[in-house]
Amino acid sequence: MKGFRPDKRKQEEGDAGSQFNLRVNLFFFSTFIIFCVIIIRLAILQFVEGPELKELETGGQVKNFPLQPIRGSIIDASGTPLAYSTPSQALYLTLLKDYSSSERGKKNRPEIEKLAEEMVKIFDQHGDPKAEKLTVDDVIKAMDLEFNKQPGYEPRRIKSELSTKEVAYFMEHKNEYPGLEVVEESQRQYNQDRIAVQTIGYLKEFRGIKTLEKYKEIDEQNKKQKDPGLIYTEQEKVGVDGLEMMFQDELRGKNGYIGIPINPQNMADGVPTMIAPEKGYNIHTTIHKDIQKVTQQAIMDQLKWLHANPVSGKTHPNAQTGYAVAMEVDTGNIVAMASMPDYDPNVWEFGTEDWETVMKYYGNGTISPYSSGRSGNNLESTVLLGSTIKPLSVLIGLNEKLFGPNDYYYDSGAAFFGKDNSRVQNSGGKSYGSLNARKAIEHSSNAFMVDWIGEKLYNKYGSESVGIWDKYMKKFGLGVSTESGLPKEHKGIIEYTNIEQAGSYLAAMAYASFGQSGKYTTLQLAQYASTLANQGERIRPQLASKIEDQDGNVVKEFKREVLNKEEFPQQYWNEVIAGMNTQGLRAFEDFKYDFARKTGTSEQDIYKNGSRIRVENGVFIAFAPRQNPKLAVAVVIPEAGFGSQSAAPVARKIFDAYDEIYGLDGTPHPKTNNDENQDGETE
């Protein structure tokens, strides 16, 4: 072929191969260099710059030291604080250097000692002259320079309850004392008049009450909580009873905290920043201090009177405790709730030398039998309700068509039932002759209840009669929670379901019919009385009217709340309410309102020194006025004898106090100098 040169083509192919090899070599060399650089850089990061970077990373951390939240107040219906937090100012120091006994700390020691000397001089010059003087050694000890009690970064509490002059000085010279902060703290205090102390409740440190279900949950949430303002500290005081616990979340507010930059030595490294605590909401309770004080005093006066004056033919020195609840029929508001004797609740904050007395009475006996005092023979606050059950017994009998409103029963003074011919007699063995439903309630006939209600209900339903009875009881609030919201509320003790104890289903129904088979709290009795007054509407007892923030804005209001409504023919209601007309109540002789009432004298057997002793408990329920009722009251005094003479006088004083403040007819009727004093001692 013309022009073809084989040697030239071979030369071109050889040049191309050389270039390819050069590029491959350059690639591998470059890769080697890059890996060398990376390895060298990693070595520098790990062995040279690592410690410095670690220090920078740690130094950038901020630890939060929590400041206690400022608790809101519990305020009574008249606007008087019953539980409140009094503010105080404390001086805290954040250590910005190491002042320990280490080599580095020793160099800084003169500096902190000089600060301690200056602080003592300021305390002496501007502090309260009556307060205990702090020495330099006291201040040094509070600084905890060896970190025995606190981490290095954590602020030290140097002095509490600063005077206004001390606060002003440290605030004015803040720039001269880096690390010093004036922090607002508070102490929980309770009204000195001891207003409804068990209902209000008390506080304890969070770390000591984590076994309570509410605080178990909070303790778990603490571990996940990211907002430092919501974290509960171990020393924080929280509600463990009464309204203090019921409204813990609302009253608590929010933590403040001091944000402290720290270094790798766990010491403060920079100027701390402070976020002030947020004060909690205020709870306005329905309790009225004036009605409450009258209620409390009435119980104590009546106990004293019972020790010196005969009731049922004898004095009652074993009547050591008393309980009363006053509940508005139209709203459910609890205006008085007294468990007596009581105690000074300020002992939880300031201590006492007589804890034994406190521990007997700190529980609320109107809702629970625990730690709420005992009668002389050790009876609890939940007693058999006795004849106060009879209005409901008759209502059940009418509704179950066991008899009619115009049917008459002949009362011979006693009733007999069962194979063994068990006998139940009327109080004092009285026979009342011909009785209809209304008169059976008025005369409190045990015989009527056993023969015409207990036995007839059993004959109608057999063994199912107990379940039927139980449903009626619970519809009227007996044996179930009142749903007041108060913690530790007791549901009562139902005994009519214990057939073995009763002996038979018939016996269980017989004893239940006249009130000898159920023990209930005073609040349950008040709700029961209110349900009778409302003709079948069971409403929630309200202990708070509203919740407000610190600016007075209403956060929440509490309104009347119907829990259940039971329908009965109006004629039945007319008969029952007309029958609530117990006669011979000396305490109410001059009472200007027509009112519905039922006394009770429940009997309980106790065993003492090998002998069986029968004791009588005074029980009383009432609502006034009979038409358009405004207030329902329940009073229980264990081992006090007849309720008409022991419990009724207390109820009278409660009605009078309410009439003076609010008016049982809707118009207040303040006392005048001409008003006669209603005293239980005149009984």
Side-chain angles (χ1 to χ4, degrees), residues 69 71-76 82-83 188 190 194-221 232 236-253 280-287 292 323 325 327 332-334 336-340 342-343 345 347-349 358-373 380-382 477 479-493 519-527 539-545 547 556 558 561 563:
R71 203 168 179 85
S73 299
I74 300 175
I75 302 167
D76 96 311
L82 303 182
R188 196 63 165 174
Y190 298 91
R194 300 188 182 186
I195 305 298
V197 298
Q198 297 98 333
T199 306
I200 300 303
Y202 60 95
L203 309 180
K204 276 190 174 182
E205 287 188 346
F206 177 63
R207 61 185 167 189
I209 47 83
K210 293 181 184 179
T211 54
L212 296 178
E213 193 61 37
K214 177 178 181 63
Y215 297 115
K216 274 184 186 176
E217 295 176 6
I218 289 175
D219 195 33
E220 287 299 316
Q221 292 170 4
Y232 278 59
E236 179 179 337
K237 291 188 176 179
V238 298
V240 291
D241 204 0
L243 297 178
E244 291 277 33
M245 184 174 184
M246 181 175 168
F247 291 104
Q248 165 65 22
D249 298 338
E250 292 83 357
L251 286 165
R252 179 181 183 259
Y281 294 148
N282 293 330
I283 307 299
H284 289 258
T285 178
T286 57
I287 299 285
Q292 180 71 26
Y323 313 93
V325 174
M327 177 177 174
N333 289 350
I334 302 296
M337 177 177 272
S339 177
M340 303 301 291
D342 60 6
Y343 70 101
V347 298
W348 301 108
E349 185 75 35
V358 172
M359 299 313 287
K360 289 180 181 178
Y361 303 117
Y362 76 89
N364 186 346
T366 69
I367 65 167
S368 170
Y370 304 119
S371 301
S372 58
E380 300 175 332
S381 61
T382 48
V480 293
S481 171
T482 66
E483 300 192 36
S484 68
L486 285 172
K488 306 176 185 178
E489 185 181 339
H490 196 263
K491 293 183 180 180
I493 301 170
K519 297 174 182 176
Y520 304 106
T521 69
T522 313
L523 180 58
Q524 285 176 311
L525 293 178
Q527 188 184 53
I539 58 176
R540 184 191 301 276
Q542 297 287 6
L543 282 140
S545 58
I547 301 174
K556 183 177 181 179
F558 296 89
E561 187 175 345
L563 299 176

T285 to L543 - nearest heavy-atom pair and separation | OG1-O, 2.7 Å

Does the pair L525 and V325 meet the rule for a side-chain contact (heavy atoms from CB on, under 4.5 Å), with working shown?
-> CA-CA 9 Å; L525 293 178; V325 174; over 6 Å; no

Test item: Q198 and D342 side chains (from C-beta on) under 4.5 Å apart, heavy atoms | yes

With a 4.5 Å heavy-atom cut-off, do T366 and T521 have their side chains touching?
-> no

Is it true that atom OH of Y281 has more than 12 heavy atoms of other residues, nucleotides or ligands lying nearer than 6.0 Å?
-> no

Atom pair CD (Q527) and OG1 (T522), whose distance is rounded to the nearest 0.5 Å = 13.0 Å

Mind checking whether E244 and Y202 have side chains closer than 4.5 Å, heavy atoms only?
-> no

Salt bridge check: are E236 and R252 linked by an N-O gap of less than 4.0 Å?
-> yes

Could you tell me the separation between the OG atom of S481 and the CD atom of Q524, rounded to the nearest 0.5 Å?
-> 8.0 Å

So, are E483 and R540 salt-bridged, with charged N and O less than 4.0 Å apart?
-> yes

Measure the CG-CG distance between L486 and L243 for me, rounded to the nearest 0.5 Å.
-> 6.0 Å

Does the side-chain contact (heavy atoms from CB on, under 4.5 Å) test come out yes or no for L523 and I334, once each step is laid out?
-> CA-CA 9 Å; L523 180 58; I334 302 296; 4.0 Å; yes

Is there a side-chain contact between I200 and P345, using heavy atoms and a 4.5 Å cut-off?
-> no

Mind checking whether Y215 and Y232 have parallel, tilted or perpendicular rings, split at 30° and 60°?
-> tilted

Heavy atoms of S372 and G363 approach each other most closely as CB-O, 3.4 Å

With side chains defined as the heavy atoms from C-beta onward, is the minimum distance between F206 and I218 less than 4.5 Å?
-> yes

Looking at K556, R71, K214, which hits salt bridge (charged side-chain N to carboxylate O under 4.0 Å, His left out) with D249?
-> K214

Do Y323 and N364 touch side chain to side chain, with heavy atoms closer than 4.5 Å?
-> no

Heavy-atom closest pair (P487 atom, M246 atom, distance to 0.1 Å) is CD-CB, 4.2 Å

Find the distance between CD (E380) and OG (S368) and round it off to the nearest 0.5 Å.
-> 8.5 Å

Measure the NZ-CD1 distance between K237 and I209 for me, rounded to the nearest 0.5 Å.
-> 12.5 Å

Return the minimal non-hydrogen interatomic distance between S381 and P369, and the atom names on each side.
-> OG-CA, 3.3 Å

Provide the closest heavy-atom pair for S339 versus G365 in the form atom of the first, atom of the second, distance.
-> OG-N, 2.9 Å

Specify the closest pair of heavy atoms between K216 and T211, including all atoms of both residues, with the distance to one decimal.
-> CE-O, 3.3 Å

Step-by-step side-chain contact (heavy atoms from CB on, under 4.5 Å) determination, Q292 to D76 | CA-CA 10 Å; Q292 180 71 26; D76 96 311; over 6 Å; no

Test log, rule side-chain contact (heavy atoms from CB on, under 4.5 Å), inputs I547 and F558 | CA-CA 9 Å; I547 301 174; F558 296 89; 3.9 Å; yes

Find out whether V197 and Y190 are in side-chain contact, i.e. whether some heavy atom of one side chain is under 4.5 Å from a heavy atom of the other.
-> no

Does any non-hydrogen side-chain atom of M359 lie less than 4.5 Å from one of S371?
-> no

So how far is it from I283 CD1 to F247 CZ, rounded to the nearest 0.5 Å?
-> 5.0 Å

